Enquirer: 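This is the structure I have questions about; it appears just below.
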Amino acid sequence: MTVVAFAEKNKAAAQIASILGDGEVDKISVEGLPAYEFKWKGEEWLVMGLSGHIMSYDFPEKYNKWSEVDPSTLLGVDPEKFVTRKEYEAAIKNLAKRADKIILACDYDREGENIGFEAKTLAEEVTNVPVARARFSALSPKEVRKAFESPVDPDHNLAMAAEARQILDLKMGAAFTRFVTLSVREKARTKDVLSIGPCQTPTCGFVYEREKAIRAFEAKDFWKITAIFAAKGGEFEGTHRAGNIHDKEKAAEIFKRLKGAKEGLVVKKTVKEAKTSPPNPLNTTEFLKRASKFLGISPEVALETAEQLYLAGFTSYPRTETNKYADDFDFKSLVFDFARQKEYKPFAESILSAPIVPKNGEKDAHDHPPIHPIRAAARGEISSAINIPQAAEVYDLIARHFLANLMPAAVFEKTHLHLQVQEEPFDSSGTVLKDAGWLEVYPFENKKDKLLPFVEEKEKVDVKKLSNTKSKTSPPKKLTEAELLTLMDKHGIGTKATAPTHIETNKKRGYFENKGKTISILDTGFTLMEGLSLSVPILVRPDIRSKIEALIQEVEDGKKEFEAALDEGTVLIKEMYAQLEANKKELTSNIAGTIKDEAALEDKKNYIGTCKACGHVLRIVQTDSGRFVGCTGYPDCRNSFPLPKTGALTVLRSKECKKEGAAVLKVGNKYNWAVGVGPCFKCELEKECYPPETVGPCPECDGRMFLISFKDNRFLGCTKRCGYTHSVPKTGKLTLLDKTCEICGWKLFRLKEDGEGSEIPEDDFCLNRRCTEGIKYWKKVSPRNESRAQRKVSADPATGSGTKSAGRGTEKPAAGRVSKAVSVAGSRKESK
DNA sequence: GCAAGGTC
């Protein structure tokens, strides 16, 4: 007679074999996978571990192309189950052929039953020997032997409940994810997938709801009146009974009545005993929370560590919802074991000195016992057995929590003083730990004493100081990972094993992120949740999971047929899909905007600021037909600004245009361009932003002339934008001097030619054509244009003087406005 | 490329 057993994983198989085989176990290889051979009760045993699920669902291949299949089609398609781990299929069949009896020995829960059925399905393809089920909640010798001595029938309903979950989750997740992703991609170019799922989405929903509350919060002022009293025994603080006073006048009134107070009277003193019970036994969530809070270990690492402790036989199964010890739990022998371990000895002995009364929670999910130690172990033993740095710490937490559950409540003495100062009531209180009880073994909860000096009733105390302090109410705090876990657990989001994964999924999708222990929502996550809560509110709330869970539970309980549950679930998903579709526009436009904004923000080269019209991002857009500044909100927002056609663009992030609030662009070498305003010299704010050095008064108005330079051209312009411009030599280094022309008052220039052997002396000269000194200069450099120099040249800054020295006298004349001059400057470069 | 659930 050969019995073949399948465990959920290799380590569990090894542990089972070691227990049943009593150490005499042969490790063998089946199709390259480890299995264990031993004799038990005169029979041949072969135990192999699987690897969790070895099968999975997916849609048939022809539905795989997102672009060709309408997502809603998926709702009417039956997903197919296929083997994901072929090597296990081969090994299962190999062993099944040798078996006279098969025992499913996966973890005792819904998924474990389902995993067992995966093996059963594959085995039944090659054999028809009986298949039974061994149920155990801990890999302890006692539990395991009991389970294998009295196996039961496999629970078909339990396995099918998991099956229904798999199919419904896939249908919903795939259809919704594709719909949202494809809809958003119609508006924003992104490769990212926007995923939706019955666990990940409500998880993000919790973070979203908290963020909304934070954003909606308005701080309110409040006042608090406190006093420092001095008694014979020492000083202590008291608070006016009004507490937090939200009315400023009221606080001031009270404070006024207290003015000049020197003495207070202890009207009444009460001393009360208060008890604090030990915490409830550990279920998974409570364990993850405490590991995070007390040991600073992330949920993922904590769960993995507990898993290893379980597999090594130190602690019980780590995935449990139950926080209530079974009635027949053998506390005594376990505590005896701890009494032999130095570290825990005193606590164990004190527990054994009286009848054991465990602290219990209310939840008995009939799955596994609360997480507890299986045996007492020393730190060193843990560390050498498990290769995780925090393993010993985690074990210690579990061990101490277990012992704490068996210890008496902690007793505090709470003293309350009721004082009176000029008829005004004050309160003061203190707490002293009288009997540590369970706190003795549980150093993680540090309850500090708040001491009060000894004060008698009717005693008079001095008032040393009175204060009326103004404070502000503070907004709700961001969620911590531990709080998020609590919410997920409370609402049944994910299993105790997968909750950490759902948090990770949201981070991976860019929906929220971790900052230390707190979680912050990101824009994509916020707008997605906002869109979903407007169209399919149930998705953002935990309800979605509970609806599906309720259906599945009915299958598990045998109250509903598997097919009926699938149909009902699909109808539910179809309804939600219809709502999603009906609100497609509202749902996607904000997300698309955010995605585009984020992409634009990332694109440092082109990002220049925020659009004043819609709040999205302004960035430089380059197209075949040219370039301009555009808004990512396009096409909903059509805000745009022209840019010069040529010239290298650089974003000067340090220079913000005060008018538009966007960064100033540098065009070419020396030329600034403020978005929405154009060239900076055209903007009336330019003086403030870039006060120019002026040459002298404008001959046409009361403005002043200043040098405008850019890569290919330079000229003098008027600060008042009257349109008057004035040419300057086009080449050579031009320096504005501190000396002024005695005739016209313009500042003198000095020119240093580029080339050698210049005919132009490096003299100081006046440039003003309307000045006799200036005329002399222009005559000298350009005798033929002498007469023109006397005319008004406002019309043609770009053409310049046409001097020989400049060598650029051939440009087309341009219209008189400065902005035109710019475009000429640009096009010239283009022609190069 | 999509979910959630196992496990490594």
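Here is how names work: the chains are called A, B, and so on, in the same order as the sequence lines, proteins then strands, and each is numbered from 1. Note that the coordinates shown come from a computational prediction; the quantities given were computed from them, not determined experimentally.
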Enquirer: From the list dT7(B), dG5(B), dC2(B), which nucleotide is the closest neighbour of the side chain of Glu111(A)?
Expert: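 Out of dT7(B), dG5(B), dC2(B), the nucleotide with an atom closest to Glu111(A)'s side chain is dG5(B).
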Enquirer: Does dG6(B) have OP1 or OP2 sitting under 4.0 Å from an N or O in the side chain of Arg85(A)?
Expert: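 Looking at the OP1 and OP2 atoms of dG6(B), neither is under 4.0 Å from any side-chain N or O of Arg85(A).
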Enquirer: Quick test of your reading: applying salt bridge (Lys or Arg N to Asp or Glu O under 4.0 Å), list the pairs with at least one residue in residues 61-70 of chain A, sequence neighbours left out, ordered by first then second residue.
Expert: none
Enquirer: Go through dA4(B), dG6(B), dC8(B) for me and flag the one nearest to the Ile115(A) side chain.
Expert: dG6(B)
Enquirer: Does anything in residues 166-176 of chain A reach DNA chain B, meaning a heavy atom under 4.0 Å, and if so which residues?
Expert: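 The answer is Gln166(A), Asp169(A), Leu170(A), Gly173(A), Ala174(A).
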Enquirer: Enumerate the salt bridge (Lys or Arg N to Asp or Glu O under 4.0 Å) contacts for residues 88-97 of chain A, please, sequence neighbours excluded, ordered by first and then second residue.
Expert: Lys86(A)-Glu89(A), Glu89(A)-Lys93(A), Lys93(A)-Glu125(A)
Enquirer: Can we say Arg319(A) and Glu307(A) salt-bridge, meaning some charged N sits less than 4.0 Å from an Asp/Glu carboxylate O?
Expert: yes
Enquirer: Nearest to the side chain of Thr498(A), heavy atoms from C-beta on, is which of dC2(B), dG6(B), dC8(B)?
Expert: dG6(B)
Enquirer: Between Glu568(A) and Lys560(A), does at least one N-O distance fall below 4.0 Å, as a salt bridge requires?
Expert: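 Salt bridge flag = yes for Lys560(A) with Glu568(A).
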Enquirer: OP1, OP2 of dG6(B) versus side-chain N and O of Thr495(A): anything below 4.0 Å?
Expert: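 For dG6(B), OP1/OP2 do have a side-chain N/O of Thr495(A) under 4.0 Å.
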Enquirer: Rounding to an integer number of Å, can you tell me how far Leu158(A) CG sits from dG6(B) C1'?
Expert: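 Whole-Å distance recorded here is 14 Å.
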Enquirer: Could you give the CD1-to-C1' distance, from Ile493(A) to dA3(B), as a whole number of Å?
Expert: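 Result: 13 Å.
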Enquirer: Go through the side-chain N and O atoms of Arg210(A) and Tyr208(A) and say whether any donor and acceptor fall under 3.5 Å apart.
Expert: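 Distance-only check fails for Arg210(A) and Tyr208(A).
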Enquirer: For Cys199(A) and Ser67(A), take the nucleotide of DNA chain B holding the closest heavy atom to each; which residue's nucleotide lies nearer the 5' end?
Expert: Ser67(A)
Enquirer: List the residues meeting side-chain hydrogen bond (donor to acceptor under 3.5 Å, both in side chains) with Thr495(A), not counting sequence neighbours, and say none if there are none.
Expert: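 side-chain hydrogen bond (donor to acceptor under 3.5 Å, both in side chains) check on Thr495(A) returns Thr498(A).
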Enquirer: Among residues 557-572 of chain A, which ones have heavy-atom contacts with DNA chain B below 4.0 Å?
Expert: none
Enquirer: Among dG6(B), dA4(B), dC2(B), which nucleotide has an atom closest to any side-chain atom of Phe59(A)?
Expert: dC2(B)
Enquirer: Please tell me if His502(A) has a side-chain N or O lying less than 4.0 Å from either OP1 or OP2 of dG5(B).
Expert: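 Result: yes.
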Enquirer: With a 6.0 Å cut-off on the ring centroids, do His401(A) and Phe287(A) count as close?
Expert: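 No, ring centres 6.0 Å or more apart.
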Enquirer: Checking side chain to side chain contact (heavy atoms under 4.5 Å, CB included) between Tyr36(A) and each of Asn10(A), Asp26(A), Leu46(A), which is the one that passes?
Expert: Asn10(A)
Enquirer: Can you sort out the partners of Arg98(A) under salt bridge (Lys or Arg N to Asp or Glu O under 4.0 Å), two or more places apart, ordered by chain and number?
Expert: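 Not a single residue meets the salt bridge (Lys or Arg N to Asp or Glu O under 4.0 Å) criterion with Arg98(A).
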Enquirer: Which residue, Pro202(A) or Leu182(A), contacts DNA chain B at a nucleotide closer to its 5' end, judged by nearest heavy atom?
Expert: Leu182(A)
Enquirer: When the distance from CD1 of Ile388(A) to P of dC8(B) is rounded to whole Å, what number comes out?
Expert: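 The distance from CD1 of Ile388(A) to P of dC8(B) comes to 12 Å, rounded to the nearest Å.
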